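These values consider heavy atoms only, across backbone and side chains, with no hydrogens, waters or symmetry-generated copies. Computed from a prediction, not measured in an experiment: that's the story for all the values here. Quick note on labels: first sequence line is chain A, next is B, and so on, each numbered from 1.
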2 protein chains.
Amino acid sequence: MGSERPILKYVPKYSESLDRVFQALADETRRAIVARLVRGPATVSQLAEPLAMSLPAVMQHLQVLETAGLVRSEKTGRVRTCQIDPQALRTAEEWIASQRTSWEQRLDRLDDLLAQRPSEEPTEREP
Amino acid sequence: MGSERPILKYVPKYSESLDRVFQALADETRRAIVARLVRGPATVSQLAEPLAMSLPAVMQHLQVLETAGLVRSEKTGRVRTCQIDPQALRTAEEWIASQRTSWEQRLDRLDDLLAQRPSEEPTEREP
DNA sequence: CCCATAGTCAAGCATCTACTTAAGTATTTT
DNA sequence: AAAATACTTAAGTAGATGCTTGACTATGGG
């Protein structure tokens, strides 16, 4: 109650695409598919082959990966060939990296403060 | 029936922790909490304040983040103070980076091949 | 002591997920 | 043309998720 933030609540909405990418990567099967495709294109059957589940299940995972923009695929004849699209992967990596950067910068500022004033009350608990 | 892989299917199981981290990051509210904590510790109420949901809902998100190892918290008196634990974030970043690296190495090898033999049958479905 | 604060616990509920099986539809291959 | 291959679609299901409300428990002032 102490603070005077705007009445309008901050409803996060700015990036559904990150939602989809992280959601896609949150499943081990889908990470396995990504890891496979990173080494080169593959057909649906090739992707399914080492996985302990039905073909339709694999297709559903592929759908999730495609919706997330992590994989693209193209059908030629009766064969669908899949490959990764590295852009979405980069987006996810960048979000994490930017958080880490903020964190590290903050630690640096903290170090500076502590170095300047060795016995001060820690600034930690938020102004 | 072309291939002769082992009957034993490859059941992915090696990293539940990546599951939990990516799952945690797959929600915009939780990413907002991480982004907030990256700038310094905060109490549960402070975290909840800009979010358009009930306190218990925020607690549940915090639970997810803690289980994923992204956040640690400690209760002093009646106040619980939360801070990020950057290690889990790094683990996720490293997984993504390792995939990107594999992808880039593969592209490099492909470039080499194409440079050596300019008019050969393409080894891949790749330009 | 009283009561506001800060957080917790427990149900309940509408979705969403990750599968499954069964039954298709195109394309080769023979 | 018939059979095999490579997906695709549809429908169903058990369990996980993201929220809610209501009741409850400590703590810290006044």
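The A/Arg78 side chain lies nearest to D/dT5 when the options are C/dT8, D/dT5, C/dT20. Picking from D/dT20, C/dA18, D/dC7 the nucleotide with the shortest atom distance to the side chain of B/Ala57 gives D/dT20. In this structure, the nucleotide among C/dT8, D/dC19, D/dA6 sitting nearest to the side chain of A/Val79 is D/dA6. When distances run from any side-chain atom of A/Pro56 to the nucleotides D/dG18, D/dT8, C/dA10, the shortest one goes to D/dT8.
Between A/Glu104 and A/Arg100 a salt bridge is recorded (basic side-chain N to carboxylate O distance below 4.0 Å). Classification of B/Arg72 and B/Glu66 as a salt-bridged pair fails, no side-chain N sitting under 4.0 Å from a carboxylate O.
Atoms CD (A/Gln23) and P (C/dT15) sit 18 Å apart, rounded to a whole Å. Across the protein-nucleic acid pair, A/Met59 atom CE and C/dT21 atom C1' stand 15 Å apart, rounded to whole Å. For the pair A/Gln46 CD and D/dT5 P, the interatomic distance rounds to 15 Å; values are reported in whole Å. At whole-Å resolution of the value, CG in A/Asp27 and C1' in D/dT17 are 15 Å apart. To the nearest angstrom, C1' of D/dG18 lies 15 Å from CG of B/Leu55. Regarding B/Leu51, its CG atom lies at a distance of 13 Å from the C1' atom of D/dC19, rounded to whole Å. Atom-to-atom, CG of B/Asp19 to P of C/dA18 comes out at 10 Å; the value is rounded to the nearest Å. Protein atom CD1 of B/Ile33 is 11 Å distant from nucleotide atom P of D/dG18, rounded to whole Å.
Between A/Lys75 and the phosphate of D/dT8, there is a side-chain N or O to OP1/OP2 separation shorter than 4.0 Å. Between D/dT20 and B/Ser54, a contact under 4.0 Å exists linking OP1 or OP2 to a side-chain N or O. Dashed line: the shortest gap from a side-chain N or O of A/Thr43 to OP1 or OP2 of D/dC7 is under 4.0 Å. Dashed line: the shortest gap from a side-chain N or O of A/Thr29 to OP1 or OP2 of C/dA18 is not under 4.0 Å. Between C/dT17 and A/His61, no contact under 4.0 Å exists linking OP1 or OP2 to a side-chain N or O.
Taking for each of A/Gly77 and A/Arg30 the nucleotide of DNA chain C with the nearest heavy atom, the 5'-most of the two is the partner of A/Arg30.
A perpendicular orientation is assigned to the rings of B/Phe22 and B/Trp95, their planes being inclined by more than 60° (bins at 30° and 60°).
Counting atom types as modelled, B/Gln60 pairs a side-chain N or O with a base atom of D/dT20 as donor and acceptor under 3.5 Å.
Residue A/Val64 is not grouped with residue A/Met53 when hydrophobic side chains (ILVMFWY) are merged at heavy-atom distances under 4.5 angstrom, including chains of intermediate members.
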Could you go through A/Arg31 and B/Ser15, starting from their C-alpha distance and side-chain angles, then the distance that decides it, and tell me whether this counts as side chain to side chain donor-acceptor pair (under 3.5 Å)?
CA-CA 10 Å; A/Arg31 286 197 304 277; B/Ser15 64; 3.3 Å; yes
